[in-house]
Amino acid sequence: MASILVTRTLPDAVLSRLRGAAEIDVWAEPQAIPRETLLSRVRGRDALVCLLTDRIDSEVLDAAGPSLRVVANVAVGYNNIDVAACRARHVTVTNTPDVLTNACADFTWGLILAITRRLGEGERVVRAGRWGGWALDYMLGMELRGKQLGIVGLGRIGVAVAEKASAFGMRVAYSGRRPVEMPGAVHLSLEELLRTSDVVSLHCPSTPETLHLMNAARLSLMRPTAYLINTSRGPVVDEAALADALQSGRLAGAALDVYEREPEIHPALFGLENALLIPHLASATTETRTAMADLAASNALAVLAGQPAVTPV
Ligand code: GLV
C-alpha cells in the first residue's frame with residue numbers, strides 16, 4: 001500500500017478518502033510541522049500532501065528518497081515548493097487552482113471596502129470606548145464609484161475580482177505580461193497603472209521576478225489618495241517601504257492579508273491606523289478549504305494510481 005505524509009489535519013471526509021487508498025501519517029498539531037519532524041516523517045513516502053507553511057526543497061526531497069512521486073500543495077500559490085528540484089527528481093507538483101477563486105475574489109472586495117471605508121479603524125475606536133458620536137465629517141473614507149481599480153496580474157483571481165468591479169461602479173485597468181480578453185478592462189504598463197489607479201490590488205504569483213515588485217520607487221508612483229491591497233504573497237511588497245509610505249501620508253491606506261515572513265509582521269505596521277492587517281484568510285471559507293483539501297487529495301491519489309494529476313503546476 002502507498003504511504004502518504006499529510007503535514008496538517010484535513011477535513012475528515014478528505015482524510016477518509018486518502019485512508020481508503022493508502023496508509024497515511026497525519027501531523028495533527030495546530031501549528032506547522034517542525035522542520036526536523038518533516039524531514040524524518042517524510043522518509044520513504046510515496047506522496048506528500050503539504051501546506052503553504054511547509055518549505056519543500058531539495059533537503060525534504062532527499063529525506064523522502066526515491067519513492068516520492070507527488071507533492072500536493074493545499075494552496076494555489078506554490079512558492080513554498082522548489083518545483084525545479086521536484087522536476088529533476090520526476091516528482092509531480094500540484095496546487096489547488098479554481099476552487100478558491102471565488103472566495104479570494106469576495107475577500108479582496110471585503111478588503112477594498114474595509115480599507116477605503118475605514119472599518120478596522122472604526123471598530124478599534126468603538127471597542128476602545130473612544131467613539132464620541134455621529135458627526136458629519138467623522139472618519140470619512142473614499143467612495144468607490146467612478147474610481148479606477150488597478151489589478152496587477154490578471155489571472156483567475158484577478159479576473160474574478162475585475163468581474164465584480166462594475167457592481168461598485170469602478171473601471172478596471174490591469175497590468176501583466178499579456179493583454180487578456182476582458183471587455184471594459186484596459187491593459188496598462190505597471191507604472192501607468194500605479195500612477196492612475198485609486199485602488200491597486202495585487203494578484204500576481206510570488207516569484208524571483210515579483211520579489212518586492214512594490215518597492216519604495218513603485219509605491220511612490222501611486223497617488224497619495226490611493227490604496228494598496230495585497231492578497232497574493234507577502235514578498236511581492238517591501239513591507240518596510242510600505243510602512244514608510246503609509247506613515248508619511250504618501251499612500252492613503254493598505255489592506256494586507258499576506259506578509260513577507262508570516263506570521264511575523266513588520267512592527268511599524270502595527271501602529272498605523274491606515275493599515276488593515278488580516279491573518280492570511282482570503283480562501284478561508286469552510287466550503288473552499290474543504291474543496292482545496294479534496295483537490296489536493298485527488299491529485300495525490302491520481303498520481304499514485306499512475307494517472308495524470310488533476311491540477312499539476
Ligand atoms: C493561499 O494563499 C493559497 O495560495 O492558496
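Atoms within each ligand, like the ligands themselves, are counted from 1 in listed order. Predicted, not measured: the structure shown is a model, and the values here were computed from it. For this chain, numbers begin at 1 and follow the sequence in order.
- Ligand 1 has an N or O atom lying under 3.5 Å from an N or O atom of Arg233, backbone or side chain.
- For Arg8 and Asp54, the salt-bridge test fails: no basic side-chain N is under 4.0 Å from an acidic carboxylate O.
- Here the heavy atom of the protein found nearest to atom 5 (O) of ligand 1 is Val76 N, 2.8 Å.
- Side-chain N or O atoms of Thr96 include one that pairs as donor or acceptor with a backbone N or O of Ala75 at under 3.5 Å.
- Between Arg127 and Glu123 a salt bridge is recorded (basic side-chain N to carboxylate O distance below 4.0 Å).
- Residue contacts with ligand 1, taken as heavy atom pairs separated by less than 4.0 Å, do not involve Val74 at all.
- For Met292, no nitrogen or oxygen atom sits less than 3.5 Å from a nitrogen or oxygen atom of ligand 1, counting backbone and side chain alike.
- Taking a cut-off of under 4.0 Å to the non-hydrogen atoms of Leu52, the atoms of ligand 1 that pass are 1 (C), 2 (O).
- A donor-acceptor contact closer than 3.5 angstrom links the side chains of Arg289 and Ser283.
- Salt-bridge annotation for Arg69 and Asp46: absent, with no side-chain N of the basic residue lying under 4.0 Å from a carboxylate O of the acidic one.
- When each atom of ligand 1 is checked for a heavy atom of Leu100 under 4.0 Å away, the hits are 5 (O).
- Those atoms of ligand 1 that come under 4.0 Å of a heavy atom in Gly77, given as number and element, are 3 (C), 4 (O).
- Close approach of ligand 1 to His280 (heavy-atom distance below 4.0 Å) involves ligand atoms 1 (C), 2 (O).
- In summary, the atoms of ligand 1 found under 4.0 Å from a heavy atom of Ala75, numbered by their order in the structure, are 3 (C), 4 (O), 5 (O).
- In this structure, Glu273 does not pair ionically with Arg118, as no charged nitrogen and carboxylate oxygen lie closer than 4.0 Å.
- With respect to the salt-bridge test (charged N to carboxylate O, under 4.0 angstrom), the residues Glu191 and Arg218 qualify.
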